[in-house]
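Basis for what follows: all heavy atoms, side chains included, without hydrogens, waters or symmetry-related copies.
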Amino acid sequence: MATTPRMKITYATLSADNEELQSAFDAALERARAALGETYPMIIGDEERTSNDTFEDRSPIDRELVIARFPTGTRTDVQDAIAAARAAYPAWRATPWRERLAILRRAADLISERQFDYAALMTLEVGKNRLEALGDVEETADLLRYYGDEFEKADGFVKPMGSLSPTEKTRSVLRPYGVFGVISPFNFPMALAGGPSGGAMIAGNTVVLKPSSDAPLSGWKFGEALRDAGLPDGVFNLVTGPGETVGAELQENPGIDGMVFTGSYEVGMDLYRSFTKDYPRPIITEMGGKNPAIVMKSADLDEAAEGVMRSAFGFDGQKCSANSRVYVEAPVAREFVAKLVEKTREITIGDPTERENWMGPVINQRALDTFSKAVEEARADGGTIEVGGETDTTRGFFPTPTVVTGLPLEHRLFHDELFVPFLVVGEVDSLDQALHEANDTAYGLTAGIFSKDDGEIRRFLDTIQAGVVYVNRRAGATTGAWPGIQSFGGWKGSGSSGKSGLGPYYVQQFLREQSQTVIGDEVPTL
Ligand code: NAD
């Protein structure tokens with residue numbers, strides 16, 4: 001495994017002109033290619049469970065490339081994984097929290113050490129470019145570190161309370177729930193498997209993870225790091241297979257005490273409604289976005305065009321935070337669009353394992369169909385395709401980054417999440433109109449503004465309905481959050497908890513409060 005060089009790559013890292021880094025990636029890619037096509041087991045307690053029924057994890061870069069094979073898990077596999085997690089729970093909960101943290105910090109260090117190997121596999125598995133994949137892996141490690149640090153800062157969430165008598169001592173203690181189900185999406189296949197699982201485990205819960213069937217290997221590699229860090233069997237379990245069976249069993253099984261889902265609005269809302277049907281259980285759903293950027297005439301238009309281009313087309317528009325609509329003040333609209341088109345034309349598209357390519361494929365045929373349909377619809381409804389609108393399916397699922405103007409602001413393409421590299425730009429007459437349009441959606445994940453006017457910026461910050469907002473960010477108009485820097489969570493239809501991942505209020509959600517009043521001096525330490 002590669003251990004050098006150590007360089008912190010985040011989503012805001014703009015360039016990777018570092019020979020040492022690139023050759024470490026090349027070497028990791030070679031190792032990754034040599035191991036393609038292996039069959040991996042599910043992780044159920046101390047068992048590595050295989051099955052005769054497997055599915056192929058194919059690369060979106062090249063449909064012929066089988067990355068790995070995984071078992072098609074059944075409801076019985078999920079039931080067994082839940083039983084294993086329940087069996088491991090009492091000992092894990094009773095493990096002093098400093099010891100739990102030490103194990104998870106060790107896992108974080110292993111993930112960082114293996115950054116290149118894990119990122120190379122991820123590039124092949126989901127088609128992220130080199131920097132994006134390195135960022136995803138390092139984010140996973142930093143999520144474990146950050147949640148651990150927050151737990152430590154709060155001294156394990158044991159808080160002395162007041163007393164009504166000299167013989168009585170009371171404290172508030174946050175305690176774990178039991179077993180958490182974690183359902184993760186394809187687009188941050190390690191960070192969004194590892195972050196929620198890590199938060200749950202740091203807090204003393206055990207976990208059953210169901211990774212996306214488009215990206216099970218990155219989830220599995222997270223499990224590998226946990227195992228190598230010495231996590232006790234059963235604390236982390238992983239079952240692969242379709243949402244309709246594996247996901248559904250997690251959702252319905254009463255042995256699951258809490259749930260974290262990250263994925264689309266439709267699946268998330270179904271889960272949200274049904275998970276608490278019989279009795280209250282905590283559920284965090286992090287869902288989609290239709291993230292706006294506002295460009296005012298006071299803006300630095302070059303900065304705006306760069307920030308929008310990076311957020312609209314980074315990882316092919318397949319970030320939940322992707323910028324998918326722009327409201328630009330009419331007097332600068334043409335100039336802004338011209339700059340945006342110019343920057344978009346400069347994007348290098350192709351096999352993302354190659355260092356020069358910034359944009360790769362979308363995840364599957366369904367996503368490519370969504371793209372093609374949006375292009376057709378935009379044309380049919382009078383829109384202008386300023387750039388893009390094409391696809392290349394010779395080997396994989398490659399669309400071109402697309403900018404569309406001329407559609408009415410109420411058009412579906414300004415409102416529905418598409419999750420492909422397709423950006424609509426509309427003209428507005430004022431900030432008020434831009435804010436009205438930006439907020440006129442079921443979603444509320446991220447948003448950005450480009451303006452040099454203090455009053456406009458203040459009004460934007462006061463009025464915008466989104467959990468993550470950015471002002472004048474060239475590195476990404478709406479994208480690029482990092483643990484401990486930008487908390488990341490949605491408002492309205494984008495997220496249920498109001499307490500974001502990557503932030504200071506996250507880990508508490510895996511805990512419930514108990515008030516302990518003890519008469520006398522026998523108060524056990526925790
Ligand atoms: P998806 O909803 O298709 O799948 C997410 C997960 O749910 C997968 O593991 C899938 O197998 C599982 N699933 C599918 N049907 C299920 C069912 N009936 N029961 C239980 N589980 C089921 O989403 P995706 O395509 O993998 O990811 C893209 C979506 O995720 C986008 O909408 C994006 O905005 C959203 N997302 C949101 C955030 C956030 O933090 N808000 C982060 C990343 C992605």
Is it the case that R325 places NZ or CZ above or below the six-membered ring of F414, under 6.0 angstrom from the centre and within 45 degrees of the axis?
no
Donor + acceptor pair across side chains of Q22, R130 (<3.5 Å):
yes
To the nearest 0.5 Å, tell me how far L134 CG sits from I9 CD1.
5.5 Å
E390 vs T400, test: side chain to side chain donor-acceptor pair (under 3.5 Å). Steps then yes/no.
CA-CA 5 Å; E390 286 135 34; T400 48; 4.5 Å; no
Under 6.0 Å from the CZ atom of R395, do we count more than 12 heavy atoms belonging to anything else shown?
no
Would you tell me whether S451 and S298 have side-chain atoms, one donor and one acceptor, within less than 3.5 Å of each other?
yes
Within 45° of the six-membered ring axis of F419 and under 6.0 Å from that ring's centre, is NZ or CZ of K319 located there?
no
Can R474 and D302 be counted as an ion pair, charged N to O under 4.0 angstrom?
yes
Salt bridge between R334 and E386, side-chain N to carboxylate O under 4.0 Å?
yes
S59 and D62: side-chain donor and acceptor closer than 3.5 Å?
no
Test of understanding: with side-chain hydrogen bond (donor to acceptor under 3.5 Å, both in side chains), list the residues that count as partners of Q509, not counting sequence neighbours.
S497
For V308 and L423, the nearest pair of non-hydrogen atoms, with its separation, is CG1-CD2, 3.6 Å
Take K343 and E306 through the test salt bridge (Lys or Arg N to Asp or Glu O under 4.0 Å) and record every step on the way to the result.
CA-CA 7 Å; K343 288 185 194 294; E306 175 95 18; 3.3 Å; yes
Surrounding CZ of F55 (heavy atoms of other residues, nucleotides or ligands, distance under 6.0 Å), is the total greater than 12?
yes
Check this for me: K452, atom NZ, are more than 12 non-hydrogen atoms of other residues, nucleotides or ligands nearer than 6.0 Å?
yes
Any residue meeting side chain to side chain contact (heavy atoms under 4.5 Å, CB included) with T348, in chain and number order, not counting sequence neighbours
N357, W358
For K492, check side-chain hydrogen bond (donor to acceptor under 3.5 Å, both in side chains) against everything at least two apart and list the hits.
Q465
Any carboxylate oxygen within less than 4.0 angstrom of a Lys/Arg side-chain nitrogen, looking at E56 and R69?
yes
Side-chain donor-acceptor pair present, S494, E286, cut-off under 3.5 Å
no
To the nearest 0.5 Å, atom CE of M287 lies from atom OH of Y443 at 8.5 Å
List for me each residue that meets side chain to side chain contact (heavy atoms under 4.5 Å, CB included) alongside R458, sequence neighbours excluded, and say none if there are none.
D454, D462
Looking just at side-chain N and O atoms, do T479 and S311 make a donor-acceptor pair shorter than 3.5 Å?
yes
Residues at least two apart in sequence or cross-chain that pass side chain to side chain contact (heavy atoms under 4.5 Å, CB included) with P196, listed by chain then number, are V182, V260, Y506
Working to the nearest 0.5 angstrom, can you tell me the gap between F186 CZ and S213 OG?
12.5 Å
Residues R355, E19: salt bridge by 4.0 Å N-O rule
yes
Worked verdict on R31 versus D26 for salt bridge (Lys or Arg N to Asp or Glu O under 4.0 Å):
CA-CA 9 Å; R31 290 191 290 276; D26 286 335; over 6 Å; no
Atom CD of E64: over 12 foreign heavy atoms under 6.0 Å
no
Does the side chain of T446 pick up a donor-acceptor pair with the side chain of N291 at under 3.5 Å?
yes
Excluding sequence neighbours, so at least two apart, what forms side-chain hydrogen bond (donor to acceptor under 3.5 Å, both in side chains) with D270?
none
Taking the basic N atoms (NZ, or NE/NH1/NH2) and the acidic carboxylate oxygens, is any pair closer than 4.0 Å for D432 and R459?
yes
I want to check a possible cation-pi pair here: K128 against F315, using under 6.0 Å from ring centre and within 45° of the ring axis as the test.
yes
Using distance alone, with no hydrogens and no angle criterion, decide if T353 and D351 have a side-chain donor and acceptor under 3.5 Å apart.
yes
